[in-house]
Amino acid sequence: MEKIVYVHQSTSSWSSKGFRGDPVSLTFNSCSEIYEGVASKCKTLHGSYLATPWLSSPHFQTVFLNFHGRPPVFTYRRQIFHTADGGTIALDWLLSSDVSNEVFHVNNTISKDDATPIVVVVPGLTSDSSSPYLKHLAFKMAKRGWNVVVSNHRGLGGISVTSDCFYNAGWTEDLRKIIDYLHREYPQAPLFAVGTSIGANILVKYLGEDGDNIPVAGAVAICSPWDLLVCDRFICRRLVQRFYDRALTIGLQGYAQLHQPVYSRLGNWEGIEKARSIREFDNHATCLVAKYETVDSYYRRTSSTSYVGNVSVPLLCISALDDPLCTREAIPWDECRANKNIVLATTKHGGHLAFFEGLTGGGLWWVRAVDEFLSVLHASPFMHRQNKTHSSSLHSALESSIDQAPYLNVMEDGMVAAVGNEQTIKMAEDLSDEHQMIHEKENEDKVPVIGESQQDETGAKTDSVQGLTQPSRQDTESSLDVKYPRDITAALRRCIDQLSRQNRISMWLFAYIAIVTTWPLVGSALLIVFKGKLKRVLPAAWLRR
């Protein structure tokens, strides 16, 4: 019988470790070539993680990431991807040439025979390419010399949903279409995928659904919830978790408010308004829109835990044991140990998607780990190669039950894109007219920046892509007014203002959670440090208390 081992290094408190931090714990199969040939050569995974001292609390880490996060400054190139069902997805590119010392050229493109690796990033719930943690990752990989594309979920990144197909926690079809397109468009470029939070759940589920028949060379999952049912029970268990639950619900209600006419038609708007938890929101929105029988059935069927055993791609999974949103109880330890293609790395601290390190908190530990793992994998003979034979995969049996989600929908004013190029983007006032115009314009003599329309094996059009060049920073604001009708621009600004107000409410609630939960520790430390000075000021009876 095959021997399976679990390597878990002993950990101790921050005070005993001092400035050395806590060692990273690794879980892997004893016969794993991915560990022996790749992970074992990664110094980051075999070192320690020391949290930024003033961000040692997981609540402070999580809140700081959302409030500030110290992201690098750069500008994406936008590409508009149209799916066969009429959906619209914003692909935001950061090329290696964009962060080099070379002069930027607007017409920079990726050639068909370019072998530069491409990293596809799948954001978390209601996150997009502008999120600080994704900017850290994109900049790091681009600095290495790779090309990065952030696949924003439908309705995010300044693009509204243009079809009746929406995304949810288990929606993998968009990721599948995008990766297949990139593989066809750039067949010489190795494709790597990185998912964060809900995006990690979607990524692992996709890898398990398609098994060996997948064009992904390697992948990384960061802070995945793994089992949504377990996480749902966890977030309702204690008072501090219920604060997080309420904060996230406020954020979802903010998105729902932007699309009230559609939610009123497809879901239970009164229930959405009164929802006090994510579970209640999913009950009145997700289950009705995506046609799930119950919330529990939705959580069970979209959790990636059931798909871990079928992953055939080298996969690094990173989770923090003090994650205040995705509990350690949901981590599939045994399933990861049994799969030779998976290495699971866990840290004692880190919060949710944070892992700040350094005295100033200027870097994220998990970004370093991802960069090193993928670079070592790329230089090794263990990158996954897709089978030549094409066969229907496991996802086909589940498509009908998870083809919709409630998070975002189309606005009354029609599709809204962030920044456009007159030669490559056509705006229609009516959704049906716009979708028809896209197909009519596909054969016109226009050269997109990144890609063009594609056809499937039968010759039928399956998706279309329109490229978008990078605008100059000083012209970004004016291009919105020039290229878009004034009413659409005004509607977009109103939506952004309303969404910003909702997010501020959620973030301040997160800040309140961080202060309340960490004050006893901070207060005790301050009392020890300043006890001598307090003796001179306060009565002795007060200090004895």
**Student:** Is T52 reaching over with its side chain to a backbone N or O of L359, donor-acceptor style, under 3.5 angstrom?
**Tutor:**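 Such a contact is absent between T52 side chain and L359 backbone.
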**Student:** Would S56 and H349 count as having a side-chain donor-acceptor pair, cut-off 3.5 Å?
**Tutor:**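 The answer is no; no qualifying pair exists.
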**Student:** As an exercise, state the distance from CG of L316 to CG of L374, rounded to the nearest 0.5 Å.
**Tutor:**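 Rounded to the nearest 0.5 Å, the CG-CG separation comes out at 8.0 Å.
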**Student:** For the atom pair CD1 (I118) and CG (L182), what is the distance rounded to the nearest 0.5 Å?
**Tutor:**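 Going from the CD1 atom of I118 to the CG atom of L182 covers 5.5 Å.
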**Student:** Quick one, S304 and N201 - any side-chain contact, counting heavy atoms below 4.5 Å?
**Tutor:**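 In contact.
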**Student:** So Y35 and H46, would you call those rings parallel, tilted or perpendicular, with 30° and 60° as cut-offs?
**Tutor:**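 Correct class here is tilted.
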**Student:** Going by side-chain hydrogen bond (donor to acceptor under 3.5 Å, both in side chains), name the pairs with one or both residues in residues 353-365, residues two or more places apart or in two chains.
**Tutor:**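 Checked against side-chain hydrogen bond (donor to acceptor under 3.5 Å, both in side chains) - neighbours excluded - the pairs reaching residues 353-365 are E357-R368.
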**Student:** Heavy-atom distance under 4.5 Å between the side chains of Y206 and V122, does that happen here?
**Tutor:**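 No, every pair of side-chain atoms sits at 4.5 Å or beyond.
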**Student:** Can you tell if the side chain of L252 reaches within under 4.5 Å of the side chain of T126, non-hydrogen atoms only?
**Tutor:**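 Touching, per the 4.5 Å side-chain cut-off.
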**Student:** Is a side-chain N or O of D98 found less than 3.5 angstrom from the main chain of L95, in a donor-acceptor match?
**Tutor:**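 Looks like yes, one N/O pair under 3.5 Å.
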**Student:** Using a strict cut-off of less than 4.0 Å between a Lys/Arg side-chain nitrogen and an Asp/Glu carboxylate oxygen, indicate whether D85 and K177 qualify as a salt bridge.
**Tutor:**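 Salt bridge flag = no for K177 with D85.
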**Student:** Would you mind reporting whether W366 and T196 have side-chain heavy atoms less than 4.5 Å apart?
**Tutor:**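 Of all side-chain heavy-atom pairs linking W366 with T196, at least one is under 4.5 Å.
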**Student:** Got a second to check how far F356's CZ is from Q61's CD, nearest 0.5 Å?
**Tutor:**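 Separation between the atoms: 6.5 Å.
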**Student:** For V311, does its backbone N or O pair with a side-chain atom of N339 as donor and acceptor, under 3.5 Å?
**Tutor:**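 Between the backbone of V311 and the side chain of N339 there is a qualifying donor-acceptor contact (under 3.5 Å).
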**Student:** Could you tell me if the side chain of Y244 sits less than 4.5 Å from the side chain of F234, heavy atoms only?
**Tutor:**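 Not touching, per the 4.5 Å side-chain cut-off.
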**Student:** Under a 3.5 Å distance rule, please check whether D212 uses its side chain to pair with a backbone N or O of S312 as donor and acceptor.
**Tutor:**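 It does not hold such a pair.
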**Student:** Please report the closest heavy-atom contact between S151 and P123, naming both atoms and the distance.
**Tutor:**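 For S151 versus P123, the nearest heavy atoms are O-CD, 3.2 Å.
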**Student:** Does any non-hydrogen side-chain atom of V38 lie less than 4.5 Å from one of P314?
**Tutor:**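 SC-SC contact between P314 and V38 ruled out.
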**Student:** Could you tell me whether a side-chain N or O of D322 sits under 3.5 Å from a main-chain N or O of G350, the two making a donor and an acceptor?
**Tutor:**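 Such a contact is found between D322 side chain and G350 backbone.
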**Student:** If only atom types and distance count, is the side chain of T302 paired as donor or acceptor with the main-chain N or O of A169 below 3.5 Å?
**Tutor:**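 Between the backbone of A169 and the side chain of T302 there is no qualifying donor-acceptor contact (under 3.5 Å).
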**Student:** Are the side chain of E372 and the backbone N or O of T44 linked by a donor-acceptor pair below 3.5 Å?
**Tutor:**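 Yes; at least one donor-acceptor contact below 3.5 Å.
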**Student:** Is the backbone of V216 close enough, under 3.5 Å, to the side chain of H384 for a donor and an acceptor to pair up by distance?
**Tutor:**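 Yes; at least one donor-acceptor contact below 3.5 Å.
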**Student:** Would you say that L137 contacts I222 through its side chain, given a criterion of any heavy-atom pair below 4.5 Å between the two side chains?
**Tutor:**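 No, side chains not in contact.
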**Student:** Less than 6.0 Å separating the ring centroids of H378 and W146?
**Tutor:**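 So the answer is yes for these two rings.
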**Student:** Under the rule for salt bridge (charged side-chain N to carboxylate O under 4.0 Å, His left out), what residues qualify as partners of D245, not counting sequence neighbours?
**Tutor:**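 Result, salt bridge (charged side-chain N to carboxylate O under 4.0 Å, His left out) vs D245: none returned.
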